[in-house]
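Data block below; observations after.
Owing to the predicted nature of the structure, the values given are computational and were not obtained by experimental measurement.
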Amino acid sequence: MEQASFTLHPVPPFSLELTVWALRRRPGNQVDRWDGNNYSRIFTFGGNKPFKVSASQGGNPERPELNVSISHETAINSPLKSGVSSMMREMFSLGRDLSDFYSLARRDKRLTPLVERFAGIKPPRFPTVFEALVNAFACQQVSLDLGIILLNRLSLSYGPAFIEDEGVSHGFPGPESLAGLSPEDFRNLGFSRNKGRAIIELSQGVMDGKLDIGGIEKMTDAGAVRYLSGIRGVGRWTAEYVLLRGLGRINVFPGDDVGAQRNLGKFMGLAERPDYDKIKKITSGWRPYAGFVYFHLLLDKLMTRGYLT
């Protein structure tokens, strides 16, 4: 097994633990792994066979370092190291300066303790818009716990496999692995047939070039929502979820997200779970960081469950 290591320098403050938990959402996530000190995940891109990326934090939140290692069965070349470096910077928003957000939080007495509690989180992103969409499909109209289980099953069955002495780990499947499946294949994993059809059509559209989901990056929020809404299975919640988690648009708070509605309602001391319009009104004072507050509220929920150290 070949290995290569390098160090990245995030804009402070930075906490790998908090950022990873905002990405993985549940301890049972088998794609984005966290052992309390190290993050790891299986990737494949650029024609390479599956490889493992691991990361740990050095320094401290105010002078952070991110120590990254790559494990591959063959020699690790410069393009692969460069690609992994760029991917990690984007997934964990390492270059994002959030000073203005912290200034905003200090002026909001309600927001201040929440932000101080989770200082160092960066807004995480899925590696691709494709993965963000499949995650959204899996989690539609079911609990997040079940959605994570479905995604684990999908990765175990169709994701790239990486073999090492400790065992076999699987990455997230790409469109090339899912385009040829049938709705029944998804049904066997616990997905509804409609979700299976949506993922199959998405995968086929990406593979044959009819869908340019990579181009969404250059669109405005409104333009991205319109484009995404033309894809089978995509409604307002899915589109906004993809803007936040797939494109890093931290101005977007997915107002139809039931879990987020509950988290925000509890945070604001509301008697009833706020609807979409109420959420837009509440979060208007946090612009352009409403989506970043979404991640803080998620961490607050995870902490109450005892997941965070």
Side-chain angles (χ1 to χ4, degrees), residues 20 23-34 39-54 70-74 80 83-84 87 91 124-164 166-214 216 228 231-234 238 241-242 245-246:
V20 166
L23 174 67
R24 68 194 307 257
R25 297 155 288 168
R26 289 293 186 269
N29 186 324
Q30 293 299 303
V31 174
D32 295 290
R33 298 177 179 237
W34 176 252
Y39 168 78
S40 63
R41 179 180 168 126
I42 309 306
F43 291 97
T44 178
F45 59 74
N48 290 283
K49 292 183 178 180
F51 57 92
K52 182 179 182 178
V53 174
S54 302
I70 305 170
S71 301
H72 201 307
E73 64 179 59
T74 59
L80 179 58
V84 170
M87 181 175 59
M91 281 184 65
R125 296 175 59 172
F126 290 115
T128 64
V129 172
F130 175 82
E131 184 172 333
L133 278 163
V134 176
N135 263 263
F137 290 149
C139 296
Q140 286 173 351
Q141 299 178 325
V142 299
S143 70
L144 180 55
D145 295 278
L146 177 54
I148 295 295
I149 290 172
L150 295 177
L151 292 163
N152 286 342
R153 291 173 182 169
L154 188 66
S155 298
L156 181 64
S157 298
Y158 301 106
F162 180 79
I163 303 172
E164 54 186 336
E166 293 81 0
V168 181
S169 302
H170 292 81
F172 197 84
E176 68 283 352
S177 300
L178 304 179
L181 301 183
S182 69
E184 192 61 30
D185 291 323
F186 282 91
R187 186 65 181 152
N188 291 337
L189 298 177
F191 289 79
S192 69
R193 285 186 174 83
N194 284 338
K195 289 184 180 183
R197 291 189 188 98
I199 296 172
I200 292 166
E201 285 193 17
L202 170 67
S203 302
Q204 292 174 343
V206 171
M207 292 302 294
D208 63 22
K210 292 181 180 178
L211 286 177
D212 179 23
I213 55 176
I216 299 174
L228 288 165
I231 299 172
R232 176 195 281 268
V234 176
T238 299
Y241 180 93
V242 170
R245 285 191 169 272

key: Side-chain heavy atoms of Cys139 within contact of Leu144, under 4.5 Å   = yes
task = Just jot down the salt bridge (Lys or Arg N to Asp or Glu O under 4.0 Å) partners of Glu184, sequence neighbours excluded, or say none.
result = Arg193
Closest contact, heavy atoms only, Phe43 versus Met91 = CZ-SD, 3.9 Å
task = With rounding to the nearest 0.5 Å, note down the distance linking CD in Glu131 to CG in Leu151.
result = 8.5 Å
key: Thr238 side chain reached by Leu133 side chain, heavy atoms, under 4.5 Å   = yes
inquiry  = Checking Glu166 against Arg33 for the salt bridge (Lys or Arg N to Asp or Glu O under 4.0 Å) test, could you report, in this order, the C-alpha distance in whole Å, the side-chain angles of both residues, the deciding distance, and whether it holds?
reply    = CA-CA 14 Å; Glu166 293 81 0; Arg33 298 177 179 237; over 6 Å; no
request  = May I ask you to decide if Lys52's main-chain N or O and Glu164's side chain share a donor-acceptor pair within less than 3.5 Å?
outcome  = no
task = Can you see which heavy atom on Leu189 is nearest to which on Ser157, and at what distance?
result = CD2-OG, 3.5 Å
query = Is there side-chain contact between Phe162 and Ser71, with at least one heavy-atom pair below 4.5 Å?
reply = yes
Crowding at CD, Gln141 (>12 non-hydrogen neighbours, <6.0 Å) = no
inquiry  = Under 3.5 Å, is there a donor on one side chain and an acceptor on the other for Asn194 and Arg197?
reply    = yes
query = So which pairs with a foot in residues 175-210 pass ring pair (Phe, Tyr, Trp, His ring centres under 6.0 Å), sequence neighbours left out?
reply = Phe186-Phe191
Heavy-atom closest contact (Gln140 atom, Gly233 atom, distance) = NE2-O, 2.8 Å
query = At what distance, to the nearest 0.5 angstrom, does OG1 of Thr44 lie from CZ of Phe51?
reply = 6.5 Å
note = Heavy-atom closest pair (Gly246 atom, Val129 atom, distance to 0.1 Å) is O-CG2, 4.1 Å
query = Do you know which of Val234, Asn135, Leu228 makes side-chain contact (heavy atoms from CB on, under 4.5 Å) with Tyr241?
reply = Asn135
query = Does Arg153 have any salt bridge (Lys or Arg N to Asp or Glu O under 4.0 Å) partners at least two apart in sequence or in another chain, and if so, which?
reply = none
key: Polar contact flag, side-chain donor to acceptor under 3.5 angstrom, Ser155-Asn152   = no
query = Nearest 0.5 Å, what's the CG-CZ distance between Asp32 and Arg26?
reply = 14.0 Å
Worked check of side-chain contact (heavy atoms from CB on, under 4.5 Å) between Gln30 and His170 = CA-CA 8 Å; Gln30 293 299 303; His170 292 81; over 6 Å; no
task = Could you tell me the separation between the CG atom of Leu80 and the OG1 atom of Thr74, rounded to the nearest 0.5 Å?
result = 8.5 Å
ask   = Going from CD1 on Ile199 to CG on Asp185, what distance comes out if it is rounded to the nearest 0.5 angstrom?
value = 11.5 Å
request  = Calculate, to the nearest 0.5 Å, the distance between atoms CZ and CG belonging to Phe137 and Leu150 respectively.
outcome  = 14.0 Å
request  = Give the intermediate values and the outcome of side-chain contact (heavy atoms from CB on, under 4.5 Å) for residues Val53 and Tyr39.
outcome  = CA-CA 8 Å; Val53 174; Tyr39 168 78; 5.7 Å; no
request  = With sequence neighbours excluded, tell me which residues meet salt bridge (Lys or Arg N to Asp or Glu O under 4.0 Å) with Arg232.
outcome  = Glu201
key: Contacts of Arg245 that satisfy salt bridge (Lys or Arg N to Asp or Glu O under 4.0 Å) - sequence neighbours left out   = none
Would you mind writing out the side-chain donor-acceptor pairs for residues 172-181 within the sub-3.5 Å range, not counting sequence neighbours?
none

